[in-house]
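Only heavy atoms go into these numbers, but all of them, side chains included; no hydrogens, no water, no symmetry mates. In this text, all values refer to a predicted model and were calculated from it rather than measured experimentally. Read the numbers this way: they start at 1 and go in the same order the structure lists the ligands and their atoms.
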Amino acid sequence: MAYSFEIGPIRPPSESNSLLIRVTRNCPWNKCKFCNSYKGKSFEIRSVAEIKKDISTIKILRDQILDITLKSGSSGGMQKVVGMVLKDPPNESFRVVALWLVGGGENVFLQDANSLIMKTADLGQVIVYLKNTFPKVKRVTSYARSQTVMKKKVEELIQLHQAGLTRLHIGMESGYDPILEFMQKGETVEQHIKAGQKIVESGISLSEYVILGLGGREFSELHSRLTAQALNEIDPEFIRVRTLVINGKVPLSLDIISGKFTRATDEEIIQEERTFIENLRVHSNFVSDHISNLLPELEGKLPEDKNKLLAILDKFQALSTREKANFMVGRRVGLYKTLQDIENSQRHELVEQIRTKLCKGEKNLDPRIIFSLMEEFF
Ligand code: SF4
């Protein structure tokens, strides 16, 4: 029988090759209108003993994979064996460990939505056990809520950092209180700022998430400007953007039907992103590593790359209406990765055929077409 351990449903895109260790189940808040990751599931803190058992199981799986690698001889080595394992893994646990090993075996992500809610001593104990079991591990990260960070003393965060916690991912989402309130985020901008500053002070690397389009059409400008302002007060190591995607499963879809929330279009979101970047006065890495983003090439170190990022936005905004429509369709059906791809004449022609079909004879691209393409993508 294949060994297995518990794995939660999500992790940040930057943790795609990380080992996933579930320390809590689901989300203790679970009320944000734009999120359906854990809806209908109740929150639980797993016991330290249960988590340690999972870590020991992972060690057995790791040893099994290394053993197969050794027995396979030198030709192909680890990559070959992991390739075989990934093609037909006995279970998801095996696949996660194999992916982790091929990614270097150094990064670990603690699931689910808010691991920091564990007692500091318990979480510290888990991290120490993990690091003792896998001495090669260098990066240990987790999601956390600002409200929970506020309940910890800086000394506790320092304690966790010393145990081996290297990075926290926080969903700030917006720096404008009416948006946070409407979205039932359960946190204020002030809490986000104070929690962020506390994490930075503790020495733990901080990654702040922002959702482009979260203010809809109505608050687009305020969302971009005030979110930048809040981040300026924190100066996190990473600012990560993702774009709002609404499917029928998120509670926000009801506000769209009732007319309480009007979605911003891709073009409006690009303008929002421009205002956001223009207003940032930080020393952060700007990252667009989420598939929902129209322009994933918007990445760089601030402030030095600010003009480079704005030049990418200029390039999109300077396109004709028809070329913008071509790019948006191409990107949303997965034929384009970056703006550069529009210059590939074959792909451009193929996208043009899809665009014409989707527009059904209309001259302009209806934003609802893009919204439904985005929903299909997720
Ligand atoms: S705190 Fe995070 S995981 Fe929980 S409901 Fe909000 S967005 Fe979803």
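- Here the heavy atom of the protein found nearest to atom 2 (Fe) of ligand 1 is Lys185 NZ, 4.3 Å.
- Ring orientation note: the planes of Tyr209 and His169 are tilted relative to one another, at an angle of 30° to 60°.
- Cation-pi geometry between Arg368 and Phe371 is not met: the NZ or CZ atom fails to fall both under 6.0 Å from the ring centre and inside 45° of the normal.
- Of the candidates Glu273, His290, Arg242, Leu212 forms a side-chain contact (heavy atoms from CB on, under 4.5 Å) with just one, namely Glu273.
- Side-chain contact, Glu237 with Ser205: a donor N or O sits under 3.5 Å from an acceptor N or O.
- The closest side-chain donor-acceptor pair between Gln317 and Lys324, if any, does not fall under 3.5 angstrom.
- Contact between Phe34 and ligand 1 is present, with at least one heavy atom of the residue lying under 4.0 Å from the ligand.
- Annotation: salt bridge (charged side-chain N to carboxylate O under 4.0 Å, His left out) contacts involving residues 21-43, sequence neighbours excluded, comprise Glu6-Arg22, Glu6-Arg25, Arg22-Asp112, Arg25-Glu44, Arg25-Glu50, Lys33-Asp255.
- Inspection of the environment of atom 4 (Fe) of ligand 1 yields the following protein N, O or S atoms under 2.8 Å: Cys27 SG.
- Between Phe94 and Tyr3, the distance separating the two ring centers is not shorter than 6.0 angstrom.
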